[in-house]
Amino acid sequence: MNERPHVLLVDGMALLFRSFFATSAVGQYFRTTEGLATNGVQGFARHVLAAKTMMKPTHLAVCWDMGAQTFRTEMFDGYKANRPAPPEDMLHQFDLAKKVSEQLGWKNYGEAGIEADDFIGSFTKQWQGEADFTIMTGDKDMLQLLNPSVKIAFMKKGYHIYDVYTETRFKEEYGIEPDQFADVKAFMGDASDGYPGVKGIGPKTALELIKKYGSTDGVLEAIDELKPAQKKKIEEHKDMLLLSKELAVIKCDIPLAVALDEIVVPNYTSDMVELFDGQELKLLARQLEKSLIPELSPFDRTDPYER
């Protein structure tokens with residue numbers, strides 16, 4: 001009997017930004033002869049190659065944010081409005097990263113108006129029961145997607161260290177079900193995404209409320225049981241609470257006309273090494289070259305991205 005497919009779902013933009021800032025902080029941009037920075041792109045691609053070696057997925061999809069305007073910004077003007085514009089050296093790397101991903105045989109998924117999170121969530125629902133999933137991201141919002149066949153690998157320093165969450169670990173740490181995490185976020189808000197939740201209610205109180213009452217609606221139904229100060233805060237900010245819940249929930253019903261066999265992990269070839277050498281993506285070319293020789297490690301542990 002064949003083992004179940006193992007799908008690696010990559011949060012492309014999170015990885016691209018992380019790779020860019022890990023090296024730009026120490027002045028390493030790995031520029032081409034034309035002066036174009038390639039640090040984010042090479043870090044992104046090499047990180048996924050290393051993850052493939054460590055995690056051994058059978059299938060792979062890279063999901064992207066496609067511009068700042070999404071259905072969430074239509075719901076709330078302040079959504080992600082506090083994020084600074086990307087550095088100039090990064091702008092050309094957005095398209096280049098998708099191009100390199102395609103050249104490596106990885107399928108890219110993204111659509112204007114929809115976030116990468118929503119594609120990742122929809123993939124896990126489309127093949128629920130048919131495959132196991134590892135989500136590679138830096139975004140804690142993804143915790144709501146955990147179930148017995150979904151785990152999340154949060155990126156830590158370098159290529160080889162991940163903070164891996166399973167459904168079991170989440171329940172032990174938080175004492176709630178993963179799909180209740182959006183209710184916690186509704187109360188505590190999310191500073192990085194720019195929505196406030198209920199002003200004056202922090203993560204600890206938010207979690208206690210959901211543990212006791214089960215959901216945002218459950219708290220509102222039991223509002224008269226709360227301490228006067230809590231009741232006042234929630235009543236004053238009820239509209240923002242309900243809006244924050246909508247913003248926090250990952251949309252898992254995006255239609256995906258994708259068959260599982262379309263995202264099988266590809267084989268890498270010496271032609272790809274030449275292709276990336278020609279594009280002056282030397283670090284990526286060398287890592288691919290090593291991966292073609294079985295006895296060599298596919299990544300160099302004295303790597304600039306390890307800092």
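None of the values given here were measured: they were computed from a predicted structure.
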Undergrad: Which atom pairs, one a donor and one an acceptor, fall under 3.5 Å between side chains of residues 174-182 and the rest of the protein, sequence neighbours left out?
TA:
| unit_1 | atom_1 | unit_2 | atom_2 | d |
| --- | --- | --- | --- | --- |
| E177 | OE1 | K171 | NZ | 3.4 |
| Q180 | OE1 | E177 | N | 2.7 |
| Q180 | NE2 | G214 | O | 2.8 |

Undergrad: Step by step, would you call E208 with K211 a salt bridge (charged side-chain N to carboxylate O under 4.0 Å, His left out)?
TA: CA-CA 5 Å; E208 285 171 358; K211 277 183 182 175; over 6 Å; no
Undergrad: Out of K52, M155, Q42, which residue meets the side chain to side chain contact (heavy atoms under 4.5 Å, CB included) rule with H47?
TA: M155
Undergrad: Is any side-chain N of the basic residue among K98 and E102 closer than 4.0 Å to the acidic one's carboxylate O?
TA: no
Undergrad: Does atom CD of E88 have more than 12 heavy-atom neighbours, drawn from other residues, nucleotides or ligands, at distances under 6.0 Å?
TA: no
Undergrad: Using a strict cut-off of less than 4.0 Å between a Lys/Arg side-chain nitrogen and an Asp/Glu carboxylate oxygen, indicate whether R169 and D163 qualify as a salt bridge.
TA: yes
Undergrad: Do the side chains of Q144 and K185 get nearer than 4.5 Å, heavy atoms only?
TA: no
Undergrad: For residues L209 and F187, determine if any side-chain heavy atom of one lies less than 4.5 Å from a side-chain heavy atom of the other.
TA: yes
Undergrad: Please say which of F20, F17, W64, F94 ends up in a ring-ring contact (aromatic ring centres under 6.0 Å, His included) with F44.
TA: W64
Undergrad: Have a look at D118 and tell me which of K125, K251, R72 forms a salt bridge (Lys or Arg N to Asp or Glu O under 4.0 Å) with it.
TA: R72
Undergrad: Tell me the closest heavy-atom pair linking V184 and A206, and the distance in Å.
TA: O-CB, 3.6 Å
Undergrad: Should we count NZ of K212 as having more than 12 external heavy atoms under 6.0 Å?
TA: no
Undergrad: Under 3.5 Å, which donor-acceptor pairs link side chains of residues 74-87 to any protein atom two or more places apart or in another chain?
TA:
| unit_1 | atom_1 | unit_2 | atom_2 | d |
| --- | --- | --- | --- | --- |
| Y79 | OH | E115 | OE1 | 3.3 |
| Y79 | OH | E115 | OE2 | 2.8 |
| K80 | NZ | E115 | OE1 | 2.7 |
| N82 | ND2 | A191 | O | 2.7 |
| R83 | NE | S192 | O | 2.9 |
| R83 | NH2 | S192 | O | 3.4 |
| R83 | NH2 | D193 | OD1 | 2.8 |

Undergrad: Does any part of the side chain of V219, heavy atoms only, come nearer than 4.5 Å to the side chain of D183, both counted from C-beta?
TA: no
Undergrad: So, using side-chain contact (heavy atoms from CB on, under 4.5 Å) as the criterion, who are the partners of A37 when residues are at least two apart?
TA: Y29, R31, N39, D89, H92, Q93
